[in-house]
Amino acid sequence: MPELPEVETLSRQLHQKICGRKILSSTVYDDKLVHIKNVRGRRVIAVERDGKMIDICLDDGNSISVHLRMTGRFLWQENAAKPKHGRWRMGFDTGNLFLIDPRRFATVTKLKKVKSDPGKDILKKFDFKGFVKNYGSRKTKVKSLIMDQRVLSGIGNIYACEILFKAGIHPERAAATLTEGDWKKLFHHAKELLKAAIQKRGTSISDWRDLSGCRGENQYELKVYGQEGNICCLCGKVIARIKQGGRSTFYCPCCQK
DNA sequence: AGAACCGCCTGCTTGC
DNA sequence: TGCAAGCAGGCGGTTC
């Protein structure tokens, strides 16, 4: 599932491919997306990432915001033949951009471009002091907190598990029990991990692919996610899996306190 | 405030 | 082999 590194990868590739290009056609194949209108003839002036959203900024001041949710992805194709699970196509003079989404959870909205808060994005102007002040004394579990998109933007289940492992913090700890040192460690590893994952063009678990249909390579770097029953690379004990609000959490009971 | 659950979806895995 | 049930989960919404 696309999280910050995957969305950043796509966003950069898209910017490269369609920035400055005019949208010659727009074809919607999925009834859930029929609201996508008034796109033809517009020129793309930028493609930006906003948390897990991809914003395709147009020359009329609007922006097409795409959230890929679970299985959404973009594919660039020279020909206009609809690929399997193709939900939407935008035609450019250089080729065709398809939104592919087997499970149809992805959402597309067209709206006036609004500036979001870069202080919530770990790789932008992240506001560490503001975070600790506003959320550091919450009673909620630390994993739920860092996955809350209103609090931090971009972190999903896979990277949340990996970040907490690197930082040696148990996913069920109440946020309020973390010291400033714990938070510093957590955000240090979060930054490093997310940057490294972008370098690897994302984590290709299940069906994630980049704009050219290529797999990322970060799945080989995962230490706990999907590793239930395997041996921890640090201590040799068995990786555990628990449910937190219906979602799987993977962690090492020995290394994460 | 916080946690759990549901609905949205479809492909894949599991069990008989 | 084939079919049905179960499972996966980001997010918004509801409920306790």
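Chain letters run A, B, ... following the sequence lines, proteins first and then strands; every chain starts at 1. From a predicted model like this one, the values you see are computed outputs, not experimental measurements.
- What separates CD of Glu228(A) from P of dC7(C) is a distance of 14 Å, to the nearest Å.
- Linking ILVMFWY residues whenever their side-chain heavy atoms come closer than 4.5 Å, directly or via other members, places Leu4(A) and Leu145(A) in the same cluster.
- Atom CD1 of Ile146(A) is separated from atom C1' of dG2(B) by 17 Å (rounded to the nearest Å).
- Residues that satisfy the side chain to side chain donor-acceptor pair (under 3.5 Å) test with Trp208(A), not counting sequence neighbours, are absent from this structure.
- When rounded to the nearest whole Å, the span between NZ of Lys243(A) and C1' of dC7(C) equals 8 Å.
- When the ring-ring contact (aromatic ring centres under 6.0 Å, His included) test is applied to Phe105(A), no partner is found at least two apart in sequence or on another chain.
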Fill in the blank from the handout: Reading nucleotides 7-14 of chain B from 5' to 3' and marking B where a protein heavy atom lies under 4.0 Å of the base, S where only the sugar-phosphate is that close, and - otherwise, the string is -BBBS---

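- Across the protein-nucleic acid pair, Asp148(A) atom CG and dG2(B) atom P stand 10 Å apart, rounded to whole Å.
- Applying the salt bridge (charged side-chain N to carboxylate O under 4.0 Å, His left out) rule to Glu48(A) yields the partners Lys113(A); only residues at least two apart in sequence or on another chain are considered.
- As a whole-Å value, the separation of Tyr135(A) OH from dG2(B) P is 12 Å.
- In this structure, the side-chain contact (heavy atoms from CB on, under 4.5 Å) partners of Ser144(A), at least two apart in sequence or on a different chain, are Thr140(A), Lys141(A).
- With side-chain heavy atoms closer than 4.5 Å counting as contact, directly or through intermediates, the hydrophobic cluster containing Val238(A) also holds Ile231(A).
- For the pair Arg150(A) CZ and dG12(C) C1', the interatomic distance rounds to 10 Å; values are reported in whole Å.
- Cluster partners of Ile100(A), using a side-chain heavy-atom cutoff of under 4.5 Å among ILVMFWY residues and allowing indirect links, are Tyr29(A), Leu75(A), Phe98(A).
- With sequence neighbours excluded, the residues satisfying side chain to side chain donor-acceptor pair (under 3.5 Å) with Glu221(A) are Lys200(A).
- Partners of Phe165(A) according to the ring-ring contact (aromatic ring centres under 6.0 Å, His included) rule, which considers only residues two or more places apart in sequence or in another chain, do not exist here.
- When the C1' atom of dC11(C) is taken as reference, atom CD of Gln244(A) falls 17 Å away, rounded to whole Å.
- For the helix from dG2(B)-dC16(C) to dC16(B)-dG2(C), the end axes, each set by the C1' atoms of five terminal pairs, are bent relative to each other by 60° (nearest 10°).
- Contacts of residues 65-74 of chain A with DNA chain C (heavy atom under 4.0 Å): His67(A), Arg69(A), Met70(A).
- In this structure, the side chain to side chain donor-acceptor pair (under 3.5 Å) partners of Tyr159(A), at least two apart in sequence or on a different chain, are Glu6(A), Thr203(A).
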